[in-house]
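Reviewing the structure listed below.
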Amino acid sequence: MIQQNQLMPVGELQELKNGEMVTHNTAELFAAKKVVLFAVPGAFTPTCSAAHLPGYVVSADELKAKGVDAIICVSVNDAFVMNAWGESQNAENIMMLADGDGSYTKALGLSMDTASFGGVRSQRYAMIIDNGEVISLHVEQPKSFEVSKAEVILEQL
């Protein structure tokens, strides 16, 4: 699993932007920026939709005021689902990025097999990345939602 003070692995994440599929290289995405990245097991799922993403939507201005250049939500879903979920949650200040095949989540060492729920998905976590380096990492225990909340990340900045 990725650790604090390590560089983020290089990979690709997709975003549906203005009806066009955009592929982001993570080396470029994290270069010379302070980024808050959080991941959820699935778009439109209960905790993710009721608390995790909404916390970052509400806190986006505060995060940016503390020097955050980008707030990114990642899930092992496709870009169409991530876009629709972002629209339904008024997440216009958050990059809703898809890790469609889970390869980036696996490269981070933060994947989990949910079996019949959806197969390989991401663990729930949040991290602060500065110029590609993990400054702070908060991985949730299974079925928990305590350490990856926007409020916790705000305290870390």
Side-chain angles (χ1 to χ4, degrees), residues 1-2 8-31 33-64 68-129 132 134 136-140 142-154:
M1 178 172 63
I2 189 90
M8 293 291 283
V10 176
E12 293 183 340
L13 298 168
Q14 287 72 42
E15 177 183 27
L16 189 64
K17 194 169 189 167
N18 303 318
E20 300 289 325
M21 189 67 64
V22 177
T23 298
H24 296 278
N25 176 292
T26 58
E28 296 168 9
L29 194 62
F30 303 135
K33 292 182 202 91
K34 185 176 280 186
V35 176
V36 169
L37 182 144
F38 67 102
V40 297
F44 292 105
T45 56
T47 301
C48 306
S49 291
H52 207 175
L53 177 56
Y56 284 93
V57 169
V58 169
S59 300
D61 289 340
E62 286 180 86
L63 289 163
K64 295 204 173 183
V68 172
D69 298 300
I71 306 164
I72 299 172
C73 177
V74 173
S75 185
V76 180
N77 284 110
D78 64 63
F80 297 99
V81 168
M82 291 300 287
N83 183 67
W85 188 41
E87 287 178 355
S88 76
Q89 293 279 327
N90 299 312
E92 58 271 352
N93 293 315
I94 298 174
M95 291 182 76
M96 303 296 289
L97 301 185
D99 183 16
D101 64 358
S103 59
Y104 196 72
T105 299
K106 289 175 188 172
L108 289 168
L110 289 166
S111 64
M112 63 178 175
D113 187 351
T114 65
S116 63
F117 169 77
V120 174
R121 296 290 180 130
S122 177
Q123 294 181 53
R124 185 182 307 282
Y125 66 86
M127 62 174 75
I128 301 168
I129 304 162
V134 178
S136 182
L137 175 63
H138 306 266
V139 181
E140 296 285 0
K143 301 187 189 291
S144 292
F145 179 56
E146 300 295 327
V147 300
S148 64
K149 296 177 179 182
E151 299 84 358
V152 172
I153 299 304
L154 272 167

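These values consider heavy atoms only, across backbone and side chains, with no hydrogens, waters or symmetry-generated copies.
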Using 0.5 Å steps for rounding, measure from the [atom1] atom of [X] to the [atom2] atom of [Y].
| X | Y | atom1 | atom2 | result |
| --- | --- | --- | --- | --- |
| L97 | C73 | CG | SG | 8.0 Å |
| H138 | I128 | NE2 | CD1 | 5.5 Å |
| M95 | I71 | CE | CD1 | 11.5 Å |
| D99 | T26 | CG | OG1 | 10.0 Å |
| S75 | R124 | OG | CZ | 9.5 Å |

To check you understand the geometry: which heavy-atom pair defines the closest contact between [X] and [Y], and what is its length?
| X | Y | answer |
| --- | --- | --- |
| G55 | A150 | O-CB, 3.4 Å |
| S122 | M112 | O-CE, 3.2 Å |
| A98 | A79 | CB-N, 3.3 Å |
| F44 | A84 | CZ-C, 3.8 Å |

Item to check | Derivation and outcome, side chain to side chain contact (heavy atoms under 4.5 Å, CB included), residues N77 and R121 | outcome: CA-CA 8 Å; N77 284 110; R121 296 290 180 130; 3.6 Å; yes
**Partner set under ring-ring contact (aromatic ring centres under 6.0 Å, His included) for F38, not counting sequence neighbours** =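 Checked F38 against ring-ring contact (aromatic ring centres under 6.0 Å, His included); matches are H52, Y56.
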Mind checking side chain to side chain donor-acceptor pair (under 3.5 Å) for [X] and listing every partner two or more places apart, or none if nothing turns up?
| X | result |
| --- | --- |
| T114 | none |
| D69 | none |
| E140 | S148 |

Does [X] reach the side chain of [Y], with side-chain heavy atoms less than 4.5 Å apart?
| X | Y | result |
| --- | --- | --- |
| T45 | V40 | no |
| M8 | L108 | yes |
| I72 | M96 | no |
| K33 | I129 | no |
| L37 | Y125 | yes |
| V74 | Y104 | no |

D113 CG: over 12 foreign heavy atoms closer than 6.0 Å: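 Yes, CG of D113 has more than 12 neighbouring heavy atoms, counting only those of other groups under 6.0 Å.
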For [X], what residues pass the side-chain contact (heavy atoms from CB on, under 4.5 Å) criterion, not counting sequence neighbours?
| X | result |
| --- | --- |
| E28 | N25 |
| A50 | none |
| M1 | Q3, L110, V139 |
| K106 | S111, V120 |

Which donor-acceptor pairs under 3.5 Å do side chains of residues 86-94 form with protein atoms, sequence neighbours excluded?
residue	atom	partner	partner atom	Å
E87	OE2	N83	ND2	3.4
S88	OG	W85	O	2.8
Q89	NE2	S49	O	3.3

_Let's go through V36 and M127 carefully: what are the C-alpha distance in whole Å and the side-chain angles of both, what is the deciding distance for side chain to side chain contact (heavy atoms under 4.5 Å, CB included) to 0.1 Å, and is it a yes or a no?_
CA-CA 6 Å; V36 169; M127 62 174 75; over 6 Å; no
What pairs of residues pass the side chain to side chain donor-acceptor pair (under 3.5 Å) test when at least one of them lies in residues 9-18, not counting sequence neighbours?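 Pairs touching residues 9-18 that pass the test: E15-H24.
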